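Down below is the structure, laid out as structure tokens.
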Amino acid sequence: MQTKKFLSLLLVLAMMCSLSVTAGAAEEAKPLEGQIVILHTNDVHGAIGSYAKVAALKQSFQDAGAYTLLLDAGDYIQGDPTVSVSQGKTAVELMNLAGYDAATIGNHEFDYGYPNFKEITKAAKFSVVSANVLVNGKAENPHTVFTAPGGEKIGVFGLTTPESGTKAHPAKIQGVTFPAGKDMFAIAEAEVKALEAEGCDYIVCLAHLGIDDESKGNRSIDLLEAVEGIDVLIDGHSHSTIDKVAEAAGETLKTLPEEDAIVSGETSYIIAEKNTTLVTSTGTKLENVGAVMLLEDGCSARNIPVEAITLDGSEEIAARAAAIQKQIDDDYGAAFARTEVLLNGEKDPGNRTEETNLGDLITDALVWGAAKNGEEVDAAVTNGGGIRAPIAAGDITKKDVNTVLPFGNTLSIVKVTGAELLEALEASTHCTPTAIGGFPQVSGIEFTVDTAAAFAEGGLYPGSTYHKPASIERVTITSVGGEAFDEKATYAIATNDFMAAGGDTYYAFASAKTNYDLGLPMDEVLMDYIKEKLKGVG
């Protein structure tokens, strides 16, 4: 790395983090004149209150003379009622205000259906790119190219986790496919060649792929073992920070001396030499904004904590975010119940690895909600990945429940044989205790998982990245509905419409002969259960 460029990056970051530096001073100094900087975010999940700081950071780099791009690696339209209530419309609005230049498509962009995503992104002032989201067999916008004032071309292409095929409601993505594994790698290679043919000096991959073991075979680090020619890979999906992604990718962390730190606890630089790929990611919910400097002999990257960034001219964006937040608080903020204990909504350890009190509460509510509507069921199952947040001890509001269950799922009934139920539980715990979104939170089912036993991997389920069990080796069901388990018996199971349609690992539910949706929103069922059955106290 060239020392002067390295020091100029330090200078502008110091300027950004200092309250005493004015925009005029930055314009006068222009320490980054002629430099190219990429700012990036991923897995924002509705943290709209920080978009003003993202905009301020971009403006600081621009004021310092850098040609600055602002990119996102997916999962921006879902996660908090401030974006989920509008089904992502408010996220696109704020991303426009913040000055995003491009974004890829995360699996949660499909939560409200692909037609909805297409509709709300008509208003986007940024490019939406993904090379492996195929609509009727064709990518609609695989890449985009930016040209810096010095003539340098930066090609940006997107990749979306193939898990979207099972993490999104199958009925909401009809006609949309997500090539995986070698097919995805071939698409990425073709993108690199296409961007090289367009004369791109730098090639950036916005990859909503992640590094989780659950995603093995389709991770960003799997991609980089198969594909060359990518200069910078900005990752998402696994909510990993820069150090975790670097560790998984085999990057070398180069630590700055403590006296050079701009803010306490800041992340070290990562240096990628020429002809290697720099891999970076920022965590989730705008904890950080990533900053990458493109250099002739390599690239540098860092994460800048959002708390260290001042607004400096972005007050209008902050005011719009506050107005959206106030509307949600007014509509959803009134307490309707309370809980004496923390309700565990964590991922790992939590709803994707083990039984939780929040998982029990939700599935108990599904059994109750079915009975209240004339459907007597033996048990309930919901996927741990559908439980998105904890509820702290104290008051419970509609906003809390909507944050826990943001997808608009409805209560469905499937009637499966004991053998089909066993298959579903075996498939959905195939990697336990490693986290998996399909992990079953249940009511009325007693079962055990032998985590020491190997999963007998059969063929892939249709259109899925998950395998059918070739035999049952790990799961033993003791009872269902208080009665001894019988593989030949038929059980009525309350679940959500996503799982009833075969989402996650639940193909056995989708193929059930009896399968119907009651149309009752899960969040409303849960709130009614707490109010009526539990008398407002959890």
Side-chain angles (χ1 to χ4, degrees), residues 81 84-85 169 171 331-332 334-341 343-345 351 355-384 386-389 391 395-418 420-421 424-425 440-447 479-483 485 489-501 503 506 509-510 512-538:
S84 61
V85 168
H169 193 307
D331 293 345
Y332 289 73
F336 69 89
R338 62 178 290 103
T339 173
E340 302 298 332
V341 298
L343 298 175
N344 183 4
N351 289 279
E355 179 182 8
T356 67
N357 57 357
L358 185 51
D360 289 343
L361 176 65
I362 292 168
T363 50
D364 286 350
L366 294 182
V367 172
W368 176 85
K372 184 182 178 183
N373 288 273
E375 299 285 345
E376 294 297 331
V377 297
D378 298 291
V381 184
T382 198
N383 56 317
I387 300 172
R388 307 300 296 187
I391 298 178
D395 289 342
I396 303 175
T397 67
K398 183 178 179 181
K399 180 184 176 185
D400 292 327
V401 174
N402 189 269
T403 304
V404 170
L405 300 172
F407 302 120
N409 290 121
T410 51
L411 174 55
S412 292
I413 307 294
V414 295
K415 293 184 180 179
V416 294
T417 65
E420 289 170 330
L421 179 61
L425 297 187
Q441 297 293 330
V442 305
S443 175
I445 304 174
E446 293 183 10
F447 74 100
S479 66
V480 178
E483 301 291 336
F485 175 67
T490 297
Y491 297 109
I493 306 294
T495 188
N496 62 65
D497 60 323
F498 165 71
M499 291 168 60
Y506 291 88
F509 282 10
K513 292 181 180 178
T514 302
N515 184 326
Y516 53 94
D517 184 13
L518 298 183
L520 302 171
M522 276 182 66
D523 57 344
E524 294 182 14
V525 171
L526 178 57
M527 288 188 286
D528 288 345
Y529 175 71
I530 295 172
K531 289 186 289 187
E532 297 179 30
K533 180 67 175 178
L534 302 183
K535 307 302 181 185
V537 180

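Quick caveat: nothing in here was measured; it's all calculated off a predicted structure. Because only heavy atoms are used, hydrogens play no part in the values below, and waters and symmetry mates are left out as well, while side chains stay in.
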Could you measure the distance from the [atom1] atom of [X] to the [atom2] atom of [Y]? Nearest 0.5 Å is fine.
| X | Y | atom1 | atom2 | answer |
| --- | --- | --- | --- | --- |
| F509 | I493 | CZ | CD1 | 6.0 Å |
| T490 | E420 | OG1 | CD | 8.0 Å |
| R388 | F407 | CZ | CZ | 4.5 Å |
| T495 | N383 | OG1 | CG | 7.0 Å |
| I396 | F336 | CD1 | CZ | 5.5 Å |
| Q441 | I387 | CD | CD1 | 5.0 Å |

Minimum heavy-atom distance [X]-[Y], with the two atoms named:
| X | Y | value |
| --- | --- | --- |
| N515 | A512 | CB-O, 4.0 Å |
| E532 | K535 | O-NZ, 3.3 Å |
| V367 | A379 | CG2-C, 4.0 Å |
| G536 | A337 | O-CB, 3.2 Å |
| N402 | S84 | OD1-OG, 3.3 Å |

Worksheet entry | Worked check of side chain to side chain contact (heavy atoms under 4.5 Å, CB included) between V85 and Y332 | CA-CA 10 Å; V85 168; Y332 289 73; 3.5 Å; yes

Discussion item. Run L361 and T339 through side chain to side chain contact (heavy atoms under 4.5 Å, CB included) and show every step you take.
Written reply: CA-CA 11 Å; L361 176 65; T339 173; over 6 Å; no

Quick one: side chains of residues 408-416, donor-acceptor pairs under 3.5 Å with protein atoms, not counting sequence neighbours, listed by atom name and distance.
residue : atom : partner : partner atom : Å
N409    : ND2  : D497    : OD1          : 3.0
T410    : OG1  : D517    : OD1          : 3.0
T410    : OG1  : D517    : OD2          : 2.9
S412    : OG   : D517    : OD1          : 3.3

Do [X] side-chain atoms and [Y] backbone N/O form a donor-acceptor pair below 3.5 Å?
| X | Y | value |
| --- | --- | --- |
| T363 | A380 | no |
| T397 | D400 | yes |
| N344 | N351 | no |

Fill in: Test side chain to side chain contact (heavy atoms under 4.5 Å, CB included) applied to Y491 and I445, step by step
CA-CA 11 Å; Y491 297 109; I445 304 174; over 6 Å; no

Show the atom names and distances, to 0.1 Å, of all donor-acceptor pairs under 3.5 Å that link a side chain in residues 518-528 to residues at least two apart or in another chain.
none

Worksheet item: Are the side chains of L366 and S443 in touch, meaning some heavy atoms are under 4.5 Å apart?
Response: no

Worksheet item: Do other residues, nucleotides or ligands put more than 12 heavy atoms under 6.0 Å from E483 CD?
Response: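 No.
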
